[in-house]
Amino acid sequence: MRRASAELADAAHPQRLADLLGGLDVVICCGSGGVGKTTVSAALAAAMAATAERRVMVLTVDPARRLASALGMPGIGAEPVTVSAARLRQAGLPLRGELVAAMLDQKSVWDGMVERYAPTRQVAERILDNRFYQGVSDAFVGSHEYAAIEALYELHEEGEYDCLVVDTPPSRSAIDFLEAPERISDFVGARLLSWLAHPSRGGFHAMNLAAAPLLRIADRLLGGEVLGELGDFVGDLQTLYGGVQRRARSVSRLLRSPRVGFVIVTTLEPAASAEAEHFATKLRELAMPLRAVVVNRVLPAFLTGEAAIRAADALADDHRGAEALSRAIRAPVDAAAAVALGRTHRLFHELAQREARQLARLGRIADVASVQVPLITTPVSALEGLVQVAAAL
Amino acid sequence: MIAARRGVRVLAVEVDAKGDLPEALGHPAVGFQPVVVQRNLSVLALHPEDSFQEYLAIFFKVPRFTRLTPLAGVFDFVATGVPGPRDMLMVGKIAHEERRREGDGAPIWDLIVVDATSSGQILPQLTAARSMRRLVRGGMLRSQVDFVDAMVTNHRKTALCICALPEEMPAVEALELHDEVVQDTAIGLGPCFLNRCVAPVSAPRQRRLVEMLADPATARAAAPVLGDGVAGLVAGIRLADSLGRLGQPFARRLSTRMSVAVVPVPLIAARPGLATTRAVAAALEAAG
């Protein structure tokens, strides 16, 4: 375990990760889909609000129902809502500060970006009314992630919260989140699309020589009027380029700031762990600060016990196990039942061993705090589950 | 794998090009063209950056010269970034493979199995052709989108199989996707696969044995046979039982509310890759 992890090794002191991260302005929870990012984000935010008089916001992108479910609320919208301190206290997590939750309204963020950077009101309205814009703004790869980053940046600039915890979108790859500003910037960038918007512009003569055949092909593919409409749209979009570029640079600086921290949330499933390792490497390459790894849904360590697996193997022995046991305890033992039980334990023993190997690998990916959140094995409400997770953080 | 073993010529398609599907079939990462990995079983992966040029070359005879020009960046961008073309790339390639014929006119593939994207993103891909029809009213692309849409919405050709886990959010999202497909699209549904199922310890004889072993006196008597690990054994079995019971309400909810069969797939502890795939196939075949 790394130095920082040793501080967290004492399970009798909950909310340690919350203390380690509580001084940051922004905590961004990343990871592949299905690892419990939303629950961990909400739990971390709740733990931060529990350990100090902080005003903490947890921001989710999609789907909002996950966060609402995790917080035991009927719904969460674009307007921030204060999570009931009474409910959390009742569930076993009294707050010293305040916890606020909000869902990102992606369309509003995109529309806001257009309105902010368009040179005139007319250009903004043309873009907002354009059918290509309406078709792409919410489906463009990186649009979820970029909207989250825009919202995060705006909230950070407003300074109304001591800490923002961001539940990143369930991206095809968590890397999409890091690359979103550059990708969006490229989308409106003159270099890529100016040949389409202004094919006769002298400064791009060399590109136009190559572009002419392509434009003819595009015309054949799309039909005449569509290419013209697309050109008009791209022409208007280019006017946003300067502002988008400047914002992308500001966001890039923020994401590398010492006031920001990334937390990788993962499970010990091979695919999720592999993506966590890949993501940690990417953060290092991009000089973005990884602060912690939260390993979710960990099987209890006792499952790797050697004595228990020897007992399970003896029980699962098709020929002798049940007979021998029956003689030893002087009671009938059903052979099929014995074999089934032995195999059940063996399955979980093997899973726990695989997890232990995976955990050792994850421990080597970065010199940061690592916290294990146990698998919940009893029926609990969403809020009770969140409180259990918060206790581990 | 099961179909291939039964003589069906199968093409497996990986959509996100992470290499997971080829690895699951015991093969290194593959590209845009089908690669035989086992008898009757081939696999290909859709790499958008490389595939867009292939797509244009196959369907529209667009020359490859653009890879040598500054416009290569445009192709990469359109392939990976712009909705519509990006999604058409996936569905269009599959439609192309579905239409391929041998010299005698017989289909090259009897079955195409697609390892698609997550439930939040699959509908935009499957309805990309229909969405593109609103944007593109003429030209060659319009005929392409019509053909792709016809394939996707033909229930005799195409079925969407939802995969879920016996946990709250996966079950909720599976049901939402099911309802959206049924109510808002013309896409057909196949069975729902409920993955990583753990059976609770429900058989009376098993429960009786667990209770016996949980008794300290019985555990001591059993020590000559089972050793000193009886308490750990009982704890492990009870944990498995708890997990099985935790998942049951979600499995029931899916079975009750879905309009298709829900097929449980047991939790497997095999090494990731071909071993796991074989184990899952064996479990599915055993379950009939």
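A note on names: the letters A, B, ... follow the listed sequences, proteins ahead of strands, and every chain is numbered from 1.
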If we only count heavy atoms from C-beta on, is the A:L375 to B:L243 side-chain gap below 4.5 Å? yes

Specify which of A:A352, A:G321, A:A336, A:A307 makes the most heavy-atom pairs with chain B at under 4.5 Å. A:A307

Which heavy atom of A:A308 sits nearest a heavy atom of B:G232, and at what distance? CB-C, 3.7 Å

Counting only heavy atoms closer than 4.5 Å, note whether A:T378 contacts chain B via side chain, backbone, both or neither. backbone

Checking A:A338 against chain B: side chain, backbone, both or neither under 4.5 Å from a heavy atom? both

Given the options A:L351, A:L325, A:L315, A:L341, which has more heavy-atom pairs under 4.5 Å with chain B than any of the others? A:L341

A:L299, part contacting chain B, at a heavy-atom distance under 4.5 Å: side chain

Under 4.5 Å from any heavy atom of chain A - which part of B:A219: neither

Counting C-beta onward and ignoring hydrogens, is there a side-chain heavy-atom pair between B:V225 and A:I329 closer than 4.5 Å? no

Side chain, backbone, both or neither: which part of B:E23 has a non-hydrogen atom closer than 4.5 Å to chain A? neither

Show me the donor-acceptor pairs within less than 3.5 Å that the side chains of residues 204-214 of chain B make with the rest of the protein, sequence neighbours left out.
unit_1: B:R205; atom_1: NH1; unit_2: A:D334; atom_2: OD1; d: 3.1
unit_1: B:R207; atom_1: NH1; unit_2: B:V201; atom_2: O; d: 2.3

Where does A:P332 contact chain B at under 4.5 Å (heavy atoms): side chain, backbone, both or neither? backbone

Given that the side chain runs from C-beta out, which part of B:R196 has a heavy atom under 4.5 Å from chain A: side chain, backbone, both or neither? side chain

Chain B heavy atoms under 4.5 Å from A:E269: which part of the residue, side chain, backbone, both or neither? side chain

Winner by heavy-atom pair count (cut-off under 4.5 Å) against chain A, out of B:D228, B:T218, B:L233: B:L233

Turns out that what part of B:A235 lies under 4.5 Å from chain A's heavy atoms comes down to both

Among B:L165, B:V198, B:V230, B:L239, which residue forms the greatest number of heavy-atom pairs with chain A at distances under 4.5 Å? B:L239

So which part of A:P270 gets closer than 4.5 Å to some heavy atom of chain B, the side chain, the backbone, both or neither? side chain

Ignoring hydrogens, what is the shortest heavy-atom contact between B:A240 and A:T344? Give both atom names and the distance. CB-CG2, 3.5 Å

Does any backbone or side-chain atom of B:L267 lie under 4.5 Å from a heavy atom of chain A? Answer side chain, backbone, both or neither. both

Side chain to side chain, B:I237 and A:F348, heavy atoms closer than 4.5 Å: no

When B:E168, B:E176, B:E167 are compared by non-hydrogen pairs under 4.5 Å with chain A, the top option: B:E176

